A.B. asks: 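Just passing along the structure, written as structure tokens.
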Protein chains: 2
Amino acid sequence: MVRHSATQPGEELDSRKATILEAVVSEYVDTAQPVGSSSVAATADLDVSPATVRSEMVTLEREGYLAQPHTSAGRVPTDKGYRYFVDHLRAGTIGPVQQQQIREFFTNVRGEVQEVLEQTSNLLTRLTSYTSVVVGGGHTHATVLSVQLVNLDARHQLLVTVFSDGTVLKHNVRSTFAATHVDVAEASRQLNALLIGTSLDSRVQVPSRHDHVATLVREAVAELHAQAPTFDGEQVFIGGSSKVAESFDGVETVRQVLAILEQELLVVTLVEDILDQGLSVAIGSEHGYEPLASCALIVAPISVDGEPAGAVGLLGPTRMKYREAMAAARVVSEHLTRHLSGEDERD
Amino acid sequence: MVRHSATQPGEELDSRKATILEAVVSEYVDTAQPVGSSSVAATADLDVSPATVRSEMVTLEREGYLAQPHTSAGRVPTDKGYRYFVDHLRAGTIGPVQQQQIREFFTNVRGEVQEVLEQTSNLLTRLTSYTSVVVGGGHTHATVLSVQLVNLDARHQLLVTVFSDGTVLKHNVRSTFAATHVDVAEASRQLNALLIGTSLDSRVQVPSRHDHVATLVREAVAELHAQAPTFDGEQVFIGGSSKVAESFDGVETVRQVLAILEQELLVVTLVEDILDQGLSVAIGSEHGYEPLASCALIVAPISVDGEPAGAVGLLGPTRMKYREAMAAARVVSEHLTRHLSGEDERD
DNA sequence: ACTTGGCACTCGGTAGAATCGAGTGCCAAC
DNA sequence: GTTGGCACTCGATTCTACCGAGTGCCAAGT
């Protein structure tokens, strides 16, 4: 995977070139039309003629910041151009209306973590009109608060485990013999003694006896720990997939992007890759994933009690409103972090 | 809401008209092009000339089964045309490969109901290339097997309830006073005595005393029952939303359909409306929901132990492959019903 | 009373030509 | 280094002509 100018300093543009680049990006984001020298000269308040702008543009094009769809069309930013723009973006703020919307949301939202994350995803979409991705993950460090084995019928038991972070996991256990209620109750008691305080990734000393109860206990523990790797708790919530149809024009592109969003594992990997690189935006093919070449993905990490616990993301076309979107992602991720850490329970 | 020919007998077409209609539908579904008299005459093995077919077509058009996009184009089926086609479809079968695929799926699938439903949704999409909808619902009749109140901290408890159908519900309880572990344990015991065997919609006699434990119990019961209406257990799983982009050509249509799929409540209502009407397919505007006028929705009910428990559905363009899709929905719903009723546990 | 071949007619789709105009690159002058 | 001027490019738009699939109608055939 390639390193980007966000991490390597990269060249700086002189002030005028920077202004021009910024003007091009801004206008292109608005209009989706190649932008010409004259409109740049008019917009940006650098008192120069279109001709001057043109000559600067050739330079910018030669250096890879701009591109021409064809001769005699205006310029369009390249991924590198967007990258420069983003890297030199003075941190945006979000409107007071949205501020209010977010604050309201977080004071009202209730319920389980999952639901909060799902709702947050919808919030982000409403705020920005882009498809949003919320990844919640990594409960592995949570410890067991309580375990209970429940008899469904003689051969089926249900193992319900409550963790310190409020997560509840359930597992089906199938006993190889007909278990009595007494067996189950005893197994349940032993499991409690065994598991409380442990976390999913810690080893547990299971009884090696061969009686019914011990077998049940072993099966239950095995079942619980079997899921540890999958569990790692990665969950994805995607909001506003219909926005994809607004953001891209080719039906084929829309199909591709949607197909990608369906592969949740892929999305998680993608988001975490970007986080690992310390980026907050991946533009075009920066993430090295070809089918998303026409997309930009903004991410902002969330954490719970200081531990990384996922991220929120926004997926849009490369020509997206970076300032607003990044601000929204940042603010929401901060609120979410606080909320999940239990800091703003003011009701 | 309108009644349809599926429930009211409606007129019958004479054999030749029926053959012609069927030919038109079949070819249009394949090609998406208006179909002309000559190709019908060639395809269907009714030994008549195109001219005859044409004169029949005018009748069919007058009666509302066919339409002409414009003079001098071929004919296209109307919703009514599709309806007739579907109502007179000899029940289709599905290919042996798919049979195999389904059988394999259901012997291998494991885990919680939710996951099974979600996976089933994906299966249906893979089988048919249409967007699939799986609605699971109505656990209200399930009874409580076990309850447990767990102390998160002095003011936060977690109520975990296990139902006879294997569902596990959790609720946050906030105590208005600092609860000790002893309080919580005692409350937990009382809750068990109180709730086991009841269902979510049954009334429960809560203790009226004013001590800590009684208060906790009351709060827990209130919290649990508060969710009964929302809970009713309606869950929706949607698979293959990217197929929407394949099924419809206008980007705007794609957007609309996606936007609808995002509103889960709407989807549930829609599916249940159709089921209530005793239909297995809603074509075009039959469901009375305008934005989906260009869609057809195939549904097949699922049940658990004889009780209705949701449905599987397939969403496609009105020109969809009804035979295959209906067969797939039917077969999968049957398998799912058997699976959820615990009948095919052959591992 | 149907069925059929014949035939004029319709009208969307496609191809080509003409035109427009936004925007460029270059250059000579400032 | 900047600027106005200017010829040039090339996609987009419009217009026209035309093709042909498919129709509706009719008169003749069974």
Side-chain angles (χ1 to χ4, degrees), chain A residues 13-78 81 249-250 319, chain B residues 13-78 81 249-250 319:
Chain A
L13 297 175
D14 68 63
S15 143
R16 194 168 67 186
K17 286 202 186 60
T19 314
I20 291 175
L21 177 56
E22 191 188 321
V24 172
V25 172
S26 299
E27 188 173 333
Y28 184 68
V29 165
D30 272 0
T31 64
Q33 300 295 329
V35 347
S37 54
S38 49
S39 73
V40 169
T43 310
D45 38 78
L46 25 73
D47 295 313
V48 283
S49 74
T52 314
V53 174
R54 275 205 292 281
S55 82
E56 291 283 46
M57 277 172 146
V58 257
T59 320
L60 283 169
E61 185 172 359
R62 206 168 35 227
E63 291 173 356
Y65 295 97
L66 294 179
Q68 256 181 320
H70 54 85
T71 347
S72 95
R75 298 311 206 290
V76 160
T78 60
D249 10 47
R319 54 173 217 79
Chain B
L13 297 175
D14 68 64
S15 144
R16 194 169 66 187
K17 286 201 185 61
T19 314
I20 290 175
L21 177 56
E22 190 188 321
V24 173
V25 172
S26 299
E27 189 174 332
Y28 184 68
V29 164
D30 273 0
T31 64
Q33 299 294 328
V35 346
S37 54
S38 50
S39 73
V40 169
T43 311
D45 37 73
L46 25 74
D47 293 314
V48 282
S49 73
T52 314
V53 174
R54 273 204 293 282
S55 81
E56 294 282 47
M57 277 171 145
V58 260
T59 319
L60 283 169
E61 186 173 357
R62 207 169 30 229
E63 292 173 356
Y65 295 97
L66 294 179
Q68 257 182 319
H70 53 86
T71 348
S72 94
R75 297 312 205 291
V76 160
T78 60
D249 8 47
R319 57 171 215 80

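Every value quoted in this text rests on a predicted model; they were computed, and no experiment measured them. Computed from heavy atoms alone, side chains included, the values below leave out hydrogens, waters and symmetry copies.
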A.B. asks: Below 4.0 angstrom from OP1 or OP2 of C:dC2, is there any side-chain N or O of B:Arg16?
C.D. replies: no
A.B. asks: Over how many whole Å does the gap from B:Tyr28 atom OH to D:dG22 atom P extend?
C.D. replies: 14 Å
A.B. asks: Report all interatomic pairs (protein N or O, nucleotide N or O of nucleotides 7-17 of chain D) with separations under 3.5 Å.
C.D. replies:
{"from": "D:dT9", "atom 1": "O2", "to": "A:Ser72", "atom 2": "OG", "distance (Å)": "2.9"}
{"from": "D:dC10", "atom 1": "O4'", "to": "A:Ser72", "atom 2": "OG", "distance (Å)": "3.4"}

A.B. asks: Which value, rounded to the nearest 0.5 Å, describes the distance between A:Lys17 atom NZ and A:Leu46 atom CG?
C.D. replies: 12.0 Å
A.B. asks: Using the side-chain heavy atoms of B:Ser49, tell me which of these nucleotides is nearest: D:dG22, C:dT24, C:dT4.
C.D. replies: C:dT4
A.B. asks: Can you name the closest pair of heavy atoms from A:Val24 and A:Arg75 and give their distance?
C.D. replies: CG1-O, 4.0 Å
A.B. asks: Looking at DNA chain C, which of residues 53-67 of chain B put a heavy atom within less than 4.0 Å of it?
C.D. replies: B:Arg54
A.B. asks: Below 4.0 angstrom from OP1 or OP2 of D:dT3, is there any side-chain N or O of A:Thr52?
C.D. replies: yes
A.B. asks: Might you point out which heavy atoms bring A:Gln33 and A:Tyr28 nearest each other, and give the distance in Å?
C.D. replies: O-CD1, 3.1 Å
A.B. asks: Output the distance between atom CG (B:Leu60) and atom CG (B:Leu13), rounded to the nearest 0.5 Å.
C.D. replies: 6.0 Å
A.B. asks: Do other residues, nucleotides or ligands put more than 12 heavy atoms under 6.0 Å from A:Asp14 CG?
C.D. replies: yes
A.B. asks: Check whether A:Ser37 reaches the backbone of A:Val53 with its side chain - one donor and one acceptor, N or O, closer than 3.5 Å.
C.D. replies: no
A.B. asks: I need the CD-C1' distance between A:Gln68 and C:dT24, as an integer number of Å.
C.D. replies: 7 Å
A.B. asks: Can you tell me how far the CG atom of A:Leu21 sits from the CE atom of A:Met57, to the nearest 0.5 Å?
C.D. replies: 9.5 Å
A.B. asks: How far does CD of A:Glu61 sit from OG1 of A:Thr59, to the nearest 0.5 angstrom?
C.D. replies: 10.0 Å
